[in-house]
2 protein chains.
Amino acid sequence: MITPNAKEIFRGYIKAKGLRHTWQRDTIIDAFLSAAGHLTVEELFQIVTRIHPGIGYATVHRNLNLIRECGLADEIKIGNEKTRFEPTCGRTHHDHLICLKCKCFIEVNNNQIEQLQERLAEANDFLPLRHKLEIYGLCKNCR
Amino acid sequence: MITPNAKEIFRGYIKAKGLRHTWQRDTIIDAFLSAAGHLTVEELFQIVTRIHPGIGYATVHRNLNLIRECGLADEIKIGNEKTRFEPTCGRTHHDHLICLKCKCFIEVNNNQIEQLQERLAEANDFLPLRHKLEIYGLCKNCR
DNA sequence: GTTGTTATTGATATTCATTATCAGTATAAT
DNA sequence: ATTATACTGATAATGAATATCAATAACAAC
Ligand SMILES: [Mn+2]
Ligand SMILES: [Mn+2]
Ligand SMILES: [Zn+2]
Ligand SMILES: [Zn+2]
């Protein structure tokens, strides 16, 4: 599910930074928001190219970074693989079960774990800002 | 604390794979086991160079990978930073609180979280093999 | 101890994702 | 319309990780 105002958040961010509106940005944010999550720059570039051939890889990359900067995307880095991006707007925080065989992502959330993490930080005088929990293994189809 | 047989595990692994003993390997495993954890290849290379100038960066890199292969080291990958290695021998599994300012690592462990992760995987028909929990924020000195 | 096989080393080159550069173009304010 | 400057897209640069390769060292066999 994508919130209807995600695009407006992006356009607002662009304007607030004194940046400019371009049809490339429009194409990229649209493609990103309507695509399935966990995409690499390369994958989004392929999608965008189908809509507007000639658009540059660097442009997709730069704008994906802007989308991340304004909080509309989270980065997922697995080992040495290409960075993946997933939309955050209209979605709640979640962690991932990542299949080592088929590379699928299963999204999970557990309030108890989240709370225990808070306590763990507190017990160490640590101010938690964000966290990453990734469980690697084999999914239902691959085990 | 380093278990006294970590080096023997390494030498056994080398022999079992039909590889050869060299003074470079000896120097590298010694330096790795006696150094503080969470080191990059570069950092271990600097330490090893002080003991034996002329040793190659590639040699340190290759052997650190062998040390990881035989289970004596874990990899830590944070964002785009260089991969870090930490000794595992004689140490139990732990997760990390990572300070975004001073880059320090606080090692933590919580059995409840570990168990909840198992359950989370099970509830999704997922076979968990390993996991990574990293909490990013500000440590006691930096907050 | 000598020999022969082959793993290892260290210097260097390559790979690959990501980021930077830059000239030409597009945007948007005036 | 003019003007300042952000943006694009092609390409170069960067940097960590890995591969290559000739010279060397390990070590098993004799
Ligand atoms: Mn996700
Ligand atoms: Mn640690
Ligand atoms: Zn799978
Ligand atoms: Zn700190």
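Letters go in sequence order (proteins before strands), and every chain restarts at 1.
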Practice task
Indicate the ring-plane relationship of Tyr57(B) and His61(B), choosing parallel, tilted or perpendicular according to the 30° and 60° boundaries.
Solution key: tilted
Exercise for the section: Let me know the distance between CD of Glu75(A) and P of dA17(C), rounded to the nearest Å. Expected result: 15 Å
Practice task
Nearest 0.5 Å please: distance from the CD1 atom of Ile113(B) over to the CG atom of Leu120(A).
Solution key: 5.0 Å
Problem - Among Glu134(A), Glu75(A), Glu42(A), Glu43(A), the one residue meeting salt bridge (charged side-chain N to carboxylate O under 4.0 Å, His left out) with Arg84(A) - result: Glu43(A)
Problem - Near-ring test His131(B)/His93(B), centroid separation under 6.0 angstrom - result: yes
Handout entry: Passing candidate, side-chain contact (heavy atoms from CB on, under 4.5 Å) with Phe85(B), options Asn65(B), Asp74(B), Ile76(B)
Key = Asn65(B)
Practice task
Starting from C1' on dA17(C), measure out to CD1 on Ile76(A) and report it in whole angstrom.
Solution key: 17 Å
Problem - Nucleotide dT18(D), atom C1' - distance to CG of Leu64(B) in whole Å - result: 14 Å
Fill in the blank from the handout: Nearest-nucleotide check on DNA chain D, Thr59(A) vs Lys77(B); residue mapping nearer the 5' end is Thr59(A)
Problem - Interatomic distance where CZ belongs to Arg84(A) and C1' belongs to dA17(C) [whole Å] - result: 13 Å
Practice task
Spell out protein contact along nucleotides 19-27 of chain C as letters: B when the base is contacted, S when just the sugar-phosphate is, - when no protein heavy atom is under 4.0 Å; keep the 5' to 3' order.
Solution key: B-B----BB
Problem - Distance-only polar pair, side chains of Glu86(A) and His38(A), donor-acceptor under 3.5 Å - result: yes
Practice task
Can you tell me the distance, in whole Å, between the CD1 atom of Ile55(A) and the P atom of dA10(D)?
Solution key: 10 Å
Handout entry: Residue pair Lys77(A) / Asn80(B), side-chain donor-acceptor N/O under 3.5 Å
Key = yes
Fill in the blank from the handout: Whole-Å distance, Phe45(B) CZ to dT18(D) P, equals 17 Å
Problem - Under 3.5 Å side-chain donor-acceptor pair for Arg62(B) and Thr59(B) - result: yes
Exercise for the section: Would you kindly give the CG-to-C1' distance between Asn63(B) and dA17(D), to the nearest whole Å? Expected result: 15 Å
Please enumerate all protein N or O atoms sitting under 3.5 Å from an N or O of nucleotides 28-30 of chain D, with distances to 0.1 Å.
none

Practice task
For Gln46(A), look at atom CD and say whether over 12 heavy atoms of other residues, nucleotides or ligands are found less than 6.0 Å away.
Solution key: yes
Exercise for the section: By nearest nucleotide on DNA chain D, pick out whichever of Leu19(A) and Val41(B) is the more 5' one. Expected result: Leu19(A)
Exercise for the section: Round to a whole Å and report the spacing from NZ of Lys82(B) to P of dG15(D). Expected result: 10 Å
